[in-house]
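Accompanying notes for the structure given below.
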There are 2 protein chains.
Amino acid sequence: MAKQRPSELELQVLGVLWDRGPSTVRAVREAMPDGKDRAYTTILSVMQGMERKGLVGHTPQRQAHVYHATARREQVLEPMLRDLVRNAFGGSAARALQCLLGGSGVGAGELDEIRRVIDEADREQTEGQGGQP
Amino acid sequence: MAKQRPSELELQVLGVLWDRGPSTVRAVREAMPDGKDRAYTTILSVMQGMERKGLVGHTPQRQAHVYHATARREQVLEPMLRDLVRNAFGGSAARALQCLLGGSGVGAGELDEIRRVIDEADREQTEGQGGQP
DNA sequence: CTGGACCTACTACATATCTAGTATATACTA
DNA sequence: TAGTATATACTAGATATGTAGTAGGTCCAG
């Protein structure tokens, strides 16, 4: 049953599903984050493959099947990021963050939000020190 | 000349080269971040392909060729992370960070370092507000 | 009830990725 | 210098990925 790792394209499909909730193939096709225009059947094929892999499921509807992601964002991306940090950043999350912030246009608002995330992680870290399972 | 995107395996090779500096095929093979054991010629083939793509270069040495990355870590990874954030995290760097911290065993030391990175980004952000080119 | 619009299932195929073998050159060792 | 260890170049093939076409079903407008 081990959920397989999504490819680039599959990740985009999941991204759409996570952002907008259960969607039809058509809706996904139109919302692909890279603007690239692909044939309808291309997206359909990919999503059918994803279903075989267990990445998505679907419910037959009147008009068209409605697909949904079977795992939450973090469940899929945490392992991927963990590997990325290990493989490409020599295991340093700080270095990864630096890359994440650098270059990409992170606005001031985002930075505040990011700081909030850090604070939260810090709190959990400190609590964890006490160590309840 | 447009440097192509490295694959998973290629990224690992680059990771080794960035972490340890110019290295032989043998050295890379032994330092691959995922512990997986591969034939010597497997790594060799991959690195030869990377040279064709312009991801690495090499200097013939007495014993064995010494390979080096042709681009710095950030040059390769920033675009990759930018795409990842857009494609999988709905464009939210904060969400990506949350994933980065969650699950992966980020120690307290790392957290401090991370905070330092954030502060720096903040400083640059604020300075940028004033707006010297 | 018929023609178009739209949907899914299935098939096909080019390219990339990962893997490793074979052949051959080179260098150190005894 | 003969033999072994090690390196590279080249080749090969299995699997994954991205792409799209064709066939056939369903539903609604006229």
Side-chain angles (χ1 to χ4, degrees), chain A residues 2-17 22-68 76 79-80 83-84 87-88, chain B residues 2-17 22-68 76 80 83-84 86-88:
Chain A
K3 294 271 202 314
Q4 273 158 88
R5 290 288 172 85
S7 71
E8 273 297 308
L9 236 201
E10 291 172 341
L11 206 51
Q12 281 191 62
V13 171
L14 286 175
V16 173
L17 259 21
S23 313
T24 63
V25 173
R26 168 163 302 273
V28 169
R29 181 181 109 92
E30 275 158 14
M32 291 293 278
D34 71 352
K36 202 167 171 191
D37 190 48
R38 277 168 270 244
Y40 179 90
T41 49
T42 297
I43 306 298
L44 176 63
S45 289
V46 168
M47 292 177 73
Q48 286 173 339
M50 292 173 74
E51 184 153 41
R52 252 172 272 126
K53 292 193 196 175
L55 290 169
V56 301
H58 80 273
T59 327
Q61 219 77 349
R62 281 279 125 236
Q63 307 279 7
H65 294 182
V66 172
Y67 284 81
H68 59 273
V76 171
M80 290 186 67
D83 283 359
L84 185 67
N87 294 344
Chain B
K3 295 268 202 313
Q4 273 158 88
R5 290 287 173 84
S7 71
E8 273 297 308
L9 234 200
E10 291 172 340
L11 205 51
Q12 281 191 63
V13 171
L14 286 175
V16 172
L17 258 22
S23 312
T24 63
V25 173
R26 167 164 302 274
V28 169
R29 180 180 108 93
E30 275 156 14
M32 292 293 277
D34 71 351
K36 201 167 171 192
D37 190 49
R38 278 168 269 244
Y40 178 90
T41 49
T42 296
I43 306 298
L44 176 64
S45 290
V46 169
M47 291 177 73
Q48 285 173 338
M50 292 173 75
E51 184 153 40
R52 253 172 270 125
K53 292 193 196 177
L55 290 168
V56 302
H58 80 272
T59 327
Q61 220 77 349
R62 281 280 125 235
Q63 307 278 9
H65 295 182
V66 171
Y67 285 81
H68 59 273
V76 172
M80 289 186 67
D83 283 0
L84 186 67
R86 185 195 56 186
N87 294 344

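Proteins come first, then strands; the chains are lettered A, B, ... in the order of their sequence lines, and each starts at number 1.
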For this session: Please determine, for the side chain of A:Ala39, which listed nucleotide (D:dA20, C:dC10, D:dA7) has the closest atom?
Result: D:dA20
For this session: Compare side-chain N and O positions of B:Gln63 against OP1 and OP2 of C:dC28 and report whether any pair is under 4.0 Å apart.
Result: yes
Exercise. What heavy-atom pair brings A:Val56 and A:Met47 nearest, and what distance separates the two atoms?
Worked result: CG2-O, 3.8 Å
Problem set entry | Minimum heavy-atom distance B:Leu55-B:Leu14, with the two atoms named | O-CD2, 3.9 Å
Exercise. Could you give the NE2-to-P distance, from A:His65 to C:dC6, as a whole number of Å?
Worked result: 17 Å
Exercise. Quick one: is D:dT19 close enough that its OP1 or OP2 comes under 4.0 Å of any side-chain N or O from A:Lys36?
Worked result: yes
Seminar exercise, completed: What one should report as the nearest heavy-atom pair of A:Tyr67 and A:Gln48 is OH-CG, 4.1 Å
For this session: With DNA chain D as reference, determine whether A:Arg38 or A:Arg62 sits nearer its 5' end, using the nearest nucleotide of each.
Result: A:Arg38
Exercise. Given atom CD1 of A:Ile43 and atom C1' of D:dT17, what is their separation to the nearest angstrom?
Worked result: 13 Å
For this session: Determine: side-chain N/O of A:Gln48 to OP1/OP2 of C:dA9, distance under 4.0 Å, yes or no.
Result: yes
Problem set entry | Residue closer to the 5' end of DNA chain D, B:Tyr67 versus A:Glu10 (nearest nucleotide) | B:Tyr67
For this session: Figure out the CZ/P separation between B:Arg52 and C:dT17, and round it to whole Å.
Result: 12 Å
For this session: State whether A:Thr42 places a side-chain N or O below 4.0 Å from either non-bridging phosphate oxygen (OP1 or OP2) of D:dA20.
Result: yes
Exercise. When the distance from CE of B:Met50 to P of C:dT19 is rounded to whole Å, what number comes out?
Worked result: 14 Å
For this session: Looking only at non-hydrogen atoms, find the nearest pair between A:His65 and A:Pro60 and report the distance.
Result: CD2-CA, 3.8 Å
For this session: Return the value, rounded to whole Å, for the distance between atom CG of A:Leu44 and atom P of C:dC10.
Result: 11 Å
Seminar exercise, completed: From the candidates D:dT17, D:dC27, C:dC10, the one with an atom nearest any side-chain atom of A:Ser45 is C:dC10
Problem set entry | Out of D:dT8, C:dT8, D:dG18, whichever nucleotide has its closest atom nearest the side chain of A:Glu8 | D:dG18
For this session: Please state how far atom CD in A:Gln61 lies from atom P in C:dT8, giving the value in whole angstrom units.
Result: 11 Å
Exercise. Over how many whole Å does the gap from B:Gln4 atom CD to C:dT17 atom C1' extend?
Worked result: 13 Å
Exercise. B:Leu9 near the nucleic acid: base, sugar-phosphate alone, or nothing, with a heavy-atom cut-off under 4.0 Å?
Worked result: sugar-phosphate
Exercise. Does B:Arg26 place a side-chain N or O at less than 4.0 Å from the phosphate oxygens OP1/OP2 of D:dA7?
Worked result: yes
Seminar exercise, completed: Side-chain contact check for A:Tyr40: nearest option of D:dA7, D:dA20, C:dT8 is C:dT8
Exercise. In whole angstroms, how far is the C1' atom of C:dT17 from the CE atom of B:Met47?
Worked result: 17 Å
Exercise. What is the minimum heavy-atom distance between B:Met50 and B:Glu10, and which atoms define it?
Worked result: CE-O, 3.4 Å
For this session: Give B:Thr41 one of three labels, base, sugar-phosphate or nothing, depending on what nucleic acid heavy atoms sit under 4.0 Å from its own.
Result: base
Exercise. Is the number of heavy atoms from other residues, nucleotides or ligands under 6.0 Å of A:Glu30 CD greater than 12?
Worked result: yes
